Amino acid sequence: MTDPAPYAVAARTLVPDVGPQGQILATAITTELCGSRSLGVGYVAMNPRLHTHAHRHRTSDIVVTVIAGTAATVYGEQLEHVAIHSPGDSIFIPAGVLHAAINLSDEEVHAVETRTDPHFHDDDVELVPDLDSTVSAVAARIQADHEAGLLRSRHDAA
């Protein structure tokens, strides 16, 4: 076996698809694409004022870094916590933690998601449809609070 070589990715060449969470994903780094042994990377786009479904990644830790727009992640078994992210901010979400993403912007949010799943497979994603109405209600409240300038820190209770 030869040693793996660096692998360059041009974002403009990636093929986006809508993931089960409800956001646009374009896979960039995987075992299949370049031989990655421990990480999968994808680009994420979320339309203005949209939110994802409540979900968890069963076995993958993830890191999301926002590169454009402003987003929130709600997390916890009842989505009772919120973290706000602006360009350059990252959030670590351990495997199994229930969460949903919310676009607080009037523009598309763009982010890079890194997973400890080197295949970047969506079969690791478990949707929790019983919380869809909760996500919608929390998203509406957080978006209104954001517009009113009431969100003061990066990590507040929802």
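Along the sequence shown, residues carry numbers from 1. As the structure is a computational prediction, the values presented were derived from the model and not from experiment.
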Which heavy atom in Q78 sits nearest to a heavy atom in E80, and how many Å separate them? N-OE1, 2.8 Å
Minimum side-chain heavy-atom gap R37-T31 below 4.5 Å: no
If you apply the rule side-chain contact (heavy atoms from CB on, under 4.5 Å), what do you find for T52 with V135, and how did you get there? CA-CA 8 Å; T52 67; V135 175; 5.7 Å; no
Can you list everything that forms a salt bridge (Lys or Arg N to Asp or Glu O under 4.0 Å) with D145? Sequence neighbours excluded, please. R141
Provide the closest heavy-atom pair for A68 versus P87 in the form atom of the first, atom of the second, distance. CA-CG, 4.0 Å
Nearest heavy-atom pair of I24 and P16: which atoms, and what distance? CG2-CB, 3.5 Å
Measuring from E113:CD to T65:OG1, what's the distance to the nearest 0.5 Å? 10.0 Å
Among residues at least two apart in sequence or on other chains, which ones pass side-chain contact (heavy atoms from CB on, under 4.5 Å) with L14? V9, A26, A28, Y43
Check step by step if side-chain contact (heavy atoms from CB on, under 4.5 Å) holds for I29 and C34. CA-CA 7 Å; I29 301 291; C34 64; 3.7 Å; yes
Between OG on residue S60 and CG on residue L39, distance to nearest 0.5 Å: 10.0 Å
Flag yes if V41 and F120 sit in one hydrophobic cluster, no otherwise; membership is Ile, Leu, Val, Met, Phe, Trp, Tyr, and two members link when side-chain heavy atoms are under 4.5 Å apart. no
Between OG on residue S36 and CZ on residue R115, distance to nearest 0.5 Å: 13.0 Å
Which residue pairs pass the salt bridge (Lys or Arg N to Asp or Glu O under 4.0 Å) test with at least one member in residues 39-61, sequence neighbours excluded? R49-E147, R56-E77, R58-E126
V64 and Y75: same hydrophobic cluster, using ILVMFWY side-chain contacts below 4.5 Å? yes
Quick check: do T27 and V15 have side-chain heavy atoms less than 4.5 Å from each other? no
Residue pair T30 / P118, side-chain heavy-atom distance below 4.5 Å: no
Flag the pair L25 / Q21 as yes when at least one side-chain heavy-atom distance between them is below 4.5 Å, and no otherwise. yes
With H99, the ring-ring contact (aromatic ring centres under 6.0 Å, His included) member among H51, H57, H81: H57
Under the side-chain hydrogen bond (donor to acceptor under 3.5 Å, both in side chains) test, which residues partner H146, sequence neighbours left out? none
Residues 100-107 side chain polar contacts: donor-acceptor under 3.5 Å, at least two apart:
| residue | atom | partner | partner atom | Å |
| --- | --- | --- | --- | --- |
| N103 | OD1 | S105 | N | 2.6 |
| N103 | OD1 | S105 | OG | 3.4 |
| N103 | ND2 | M46 | O | 3.0 |
| N103 | ND2 | N47 | O | 2.9 |
| N103 | ND2 | E107 | O | 2.9 |
| S105 | OG | T70 | N | 2.6 |
| S105 | OG | T70 | O | 3.2 |

Let me see the working for I84 and V82 under side-chain contact (heavy atoms from CB on, under 4.5 Å), right down to the final yes or no. CA-CA 7 Å; I84 308 299; V82 63; 4.0 Å; yes
How would you list, by chain and number, every residue that makes a ring pair (Phe, Tyr, Trp, His ring centres under 6.0 Å) with H53, sequence neighbours excluded? none
hydrophobic_cluster_shared for I62 and V97, side chain cutoff 4.5 Å: yes
Under a 4.5 Å cut-off applied to non-hydrogen side-chain atoms, are I142 and V74 in contact? yes
Mind checking whether T73 and H85 have side chains closer than 4.5 Å, heavy atoms only? yes
Given T59, which of T116, D117, D124 fulfils the side-chain hydrogen bond (donor to acceptor under 3.5 Å, both in side chains) condition? D124
Would you compute the distance between atom OG1 of T114 and atom CZ of F92 and round it to the nearest 0.5 angstrom? 12.0 Å
Is there a continuous path of hydrophobic side-chain contacts, each under 4.5 Å between heavy atoms, that joins V128 to L79? yes
